[in-house]
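One structure is given here, and the rest of the page talks about it.
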There are 2 protein chains.
Amino acid sequence: MPTIRDVAKEAGVSSSTVSRYLNKNGYVSEEAKKSIHAAIELLRYRPNEMARSLATKKSQMVALLVPDITNPFFTELAKEIEEQAYQYGFTMILCNIGNEHEKEKQIIEQLQQQYIAGLFIATKQIEASYYEKLQIPMVAVDRVLSEKIPTVKTNHFLGGQIACQHLMACGVENVLCIRASSEEDVANERIAGFYSCAQTLQIEEVISAYEVEATKILVLEKLQNRTYEAIFASSDAMAIGTLKAIQQMNLRIPEDIQLIGYDGIRMTEWTTPTITTVAQQITQIGQRAVRCLWKQMQNEDILERHQLVAPILIKRNSTKGE
Amino acid sequence: MPTIRDVAKEAGVSSSTVSRYLNKNGYVSEEAKKSIHAAIELLRYRPNEMARSLATKKSQMVALLVPDITNPFFTELAKEIEEQAYQYGFTMILCNIGNEHEKEKQIIEQLQQQYIAGLFIATKQIEASYYEKLQIPMVAVDRVLSEKIPTVKTNHFLGGQIACQHLMACGVENVLCIRASSEEDVANERIAGFYSCAQTLQIEEVISAYEVEATKILVLEKLQNRTYEAIFASSDAMAIGTLKAIQQMNLRIPEDIQLIGYDGIRMTEWTTPTITTVAQQITQIGQRAVRCLWKQMQNEDILERHQLVAPILIKRNSTKGE
DNA sequence: ATGAAAGCGCTAACAT
DNA sequence: ATGTTAGCGCTTTCAT
């Protein structure tokens with residue numbers, strides 16, 4: 001592989017001139033530009049990112065930290081962010097953190113050594129202060145880490161409202177609300193939004209783990225004791241578990257009981273019946289997150305520290321209504 | 001961040017000695033070892049991977065190239081490989097290639113500049129000769145790129161046989177076989193295996209795109225004209241599309257028509273009914289792939305160039321039988 | 001067993 | 001506008 005010096009020699013200039021040409025900073029005469037360009041083509045030269053990073057202490061890599069890569073929401077997010085970041089010339093590293101604090105810190109340490117240019121954080125296991133100390137451009141995606149750290153997330157309060165309004169428009173008067181642990185802020189917001197519109201709606205609330213199977217078992221039990229006109233599952237994975245439980249009870253959807261999910265992952269259109277859901281606009285989240293990181297790298301001002309993306313209702317067959 | 005020279009100074013030795021200590025090559029006295037160890041602890045020193053890579057022309061990163069990160073099979077595979085690779089001290093970069101030849105070549109070029117230590121290739125858009133020229137340890141995952149390139153994949157011929165045998169055991173006499181394009185070797189193998197057991201079974205074959213919706217439309221049309229006792233969908237995504245089509249026709253599964261899928265992705269246990277499927281053992285594929293790459297890095301002999309992993313039947317509710 | 005020195009490929013003052 | 005020089009943090013001969 002040719003180096004910058006090979007190019008310089010071939011073009012009859014010094015390597016600094018080539019470097020300036022490459023980085024488009026400093027002056028380079030038109031003449032030099034031409035010969036350098038030709039030399040690069042001739043030698044099929046590509047700058048070595050490693051050497052570049054070592055010299056500048058900045059790489060062209062950004063990383064996305066997620067708790068579980070097999071969770072479809074995160075994969076869809078990863079895809080969007082990867083594509084966007086690629087447009088800006090960055091390579092995205094996807095890091096699956098799992099639930100171990102230690103692994104996350106270790107991985108971040110490694111990323112720092114690689115002079116990672118920026119971080120998208122979709123995990124939440126470490127104290128915010130740890131991230132703040134990092135001194136790396138970063139944006140929290142779909143969760144608030146702290147006031148200071150720029151954030152792009154869905155307006156979950158609005159999402160909760162949308163879910164509630166839809167159910168009420170479907171003539172529902174009592175509903176079972178399946179939510180994640182109250183430690184999860186995003187869950188709290190969804191539920192708060194839901195309540196904020198509830199008016200005379202009767203709500204029973206229950207906490208479930210994220211897994212499909214766990215939710216199924218839980219709902220099965222619930223349905224044994226009591227009937228509901230509708231169920232609001234605050235994630236689509238839970239909605240699928242709920243669907244399975246309802247079907248196992250031989251209840252019809254939406255005739256006997258209506259169901260609305262949350263997230264908008266692809267799978268909700270593959271079930272029978274398809275599931276009405278409050279969809280997060282993942283593409284937009286990805287775009288904004290990347291732009292936000294980009295601005296930080298350019299030291300531009302970030303006008304809104306916390307950006308909210310509105311979710312939208314996707315009406316399918318698990319609810320009545322229009 | 002402290003450098004190797006800081007450690008050397010603190011330990012009262014030269015940086016070469018520290019380097020030798022770090023890489024466990026060359027001689028280092030017990031005494032030196034102790035003081036270096038202490039210095040490292042004291043300064044919380046971590047070697048800079050970039051600098052290391054630049055000097056050695058080898059990084060600690062491996063990459064997995066997939067055509068579509070939102071395809072659950074690949075995410076599950078990615079998770080396994082990531083975890084395995086992490087055990088060996090590697091960071092895995094997940095690269096979503098999409099369908100563009102150009103992007104794949106560009107990305108590989110970038111990876112080379114980063115002195116990528118190894119490649120897991122789960123795409124198939126480029127001529128095998130391109131990969132062979134690369135001079136990077138690599139393993140083809142779930143597809144054969146060429147004779148020369150080490151491969152770990154499911155024994156799809158066996159998988160096809162398993163599917164066929166199961167259907168026959170379920171009393172099926174005629175079946176619709178939904179397959180991917182004949183350009184996909186893995187599809188060909190599955191189908192070949194299926195036929196190899198078919199005996200008196202009547203088989204109708206049809207080609208479908210991978211997408212759930214596309215398959216649904218196709219199957220819907222098929223079912224309009226004719227009835228089948230069973231359908232073999234050669235991927236789970238297709239199986240889900242098929243399921244939807246069958247249900248839309250108001251046929252019962254498995255009473256009116258039985259269904260078997262292929263891949264073993266999580267989703268098949270979330271549909272109603274759950275789908276019987278021939279499951280690829282992704283964990284094992286991941287483990288073997290990483291070990292195979294590792295061996296190449298150690299210049300160990302690779303006993304079997306092409307490793308086959310046996311798939312297993314997961315019997316669920318979309319088929320009759322035991 | 002250890003250190004000095006050169007170099008990996010690039011960037012960034014600084015001088016011209 | 002361009003070249004010289006000195007690193008970035010590490011590895012690796014080659015002496016000693």
Side-chain angles (χ1 to χ4, degrees), chain A residues 1-37 39-40 43-61 89 109-117 135 297, chain B residues 1-37 39-40 43-61 89 109-117 135 297:
Chain A
M1 287 197 152
T3 75
I4 198 171
R5 277 185 260 271
D6 298 326
V7 175
K9 193 178 298 174
E10 179 68 33
V13 297
S14 79
S15 58
S16 357
T17 306
V18 179
S19 172
R20 275 190 290 266
Y21 169 84
L22 255 21
N23 299 297
K24 306 190 197 309
N25 57 18
Y27 303 92
V28 181
S29 68
E30 280 309 315
E31 192 186 3
K33 278 183 187 168
K34 281 218 180 71
S35 57
I36 291 172
H37 180 79
I40 288 177
L43 302 174
R44 313 198 74 253
Y45 167 79
R46 294 285 172 273
N48 180 316
E49 290 301 334
M50 288 260 156
R52 196 173 240 180
S53 307
L54 187 61
T56 60
K57 306 199 174 210
K58 274 270 157 292
S59 78
Q60 290 300 299
M61 294 187 287
E109 207 169 61
Q110 276 190 35
L111 292 172
Q112 279 190 291
Q113 287 164 27
Q114 320 218 10
Y115 297 122
I116 198 85
Q135 295 291 59
M297 296 181 189
Chain B
M1 288 196 151
T3 74
I4 198 171
R5 277 185 260 273
D6 298 326
V7 175
K9 193 177 297 175
E10 179 68 34
V13 297
S14 79
S15 57
S16 348
T17 306
V18 178
S19 174
R20 275 190 291 267
Y21 169 85
L22 253 23
N23 299 297
K24 305 190 199 311
N25 59 16
Y27 303 92
V28 181
S29 68
E30 280 309 315
E31 194 186 2
K33 277 183 188 169
K34 281 218 179 73
S35 57
I36 292 172
H37 180 78
I40 288 178
L43 301 174
R44 312 197 75 254
Y45 166 78
R46 296 281 172 277
N48 180 317
E49 288 303 333
M50 287 261 156
R52 195 174 241 181
S53 307
L54 187 60
T56 60
K57 306 198 174 212
K58 274 270 158 292
S59 77
Q60 291 299 298
M61 294 187 287
E109 209 168 58
Q110 277 191 35
L111 292 172
Q112 279 190 292
Q113 288 163 27
Q114 320 219 11
Y115 297 121
I116 198 84
Q135 295 291 60
M297 296 181 189

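Chain identifiers are assigned alphabetically (A, B, ...) following the order of the sequence lines, protein sequences preceding nucleic acid strands; residue numbering begins at 1 within each chain.
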In whole Å, I'd like the distance from the OH atom of A/Y27 to the P atom of C/dA12. 16 Å
Whole angstroms only, please: what is the NZ-P distance between A/K34 and D/dA1? 15 Å
What is the distance from NZ of A/K58 to P of C/dA12, rounded to the nearest Å? 12 Å
Phosphate-side-chain proximity, B/S14 and C/dG3, N/O vs OP1/OP2 below 4.0 Å: yes
Which pair of heavy atoms, one from A/I116 and one from A/S59, lies closest together, and at what distance? CA-OG, 3.6 Å
How does each nucleotide of nucleotides 5-16 of chain D score, in 5' to 3' order, for protein heavy atoms under 4.0 Å: base (B), sugar-phosphate only (S), or none (-)? --BBBBSB----
Would you call B/E49 and B/R52 a salt bridge, using N to O less than 4.0 angstrom? yes
Would B/K33 and B/E30 pass as an ion pair if we require N to O under 4.0 Å? yes
Looking only at non-hydrogen atoms, find the nearest pair between B/R5 and B/S15 and report the distance. CG-CB, 4.2 Å
Identified side chain to side chain contact (heavy atoms under 4.5 Å, CB included) counterpart of A/L22 within the set A/I40, A/V7, A/V28: A/I40
Where do A/A51 and B/L54 come nearest, in terms of heavy atoms and distance? CB-CD1, 3.7 Å
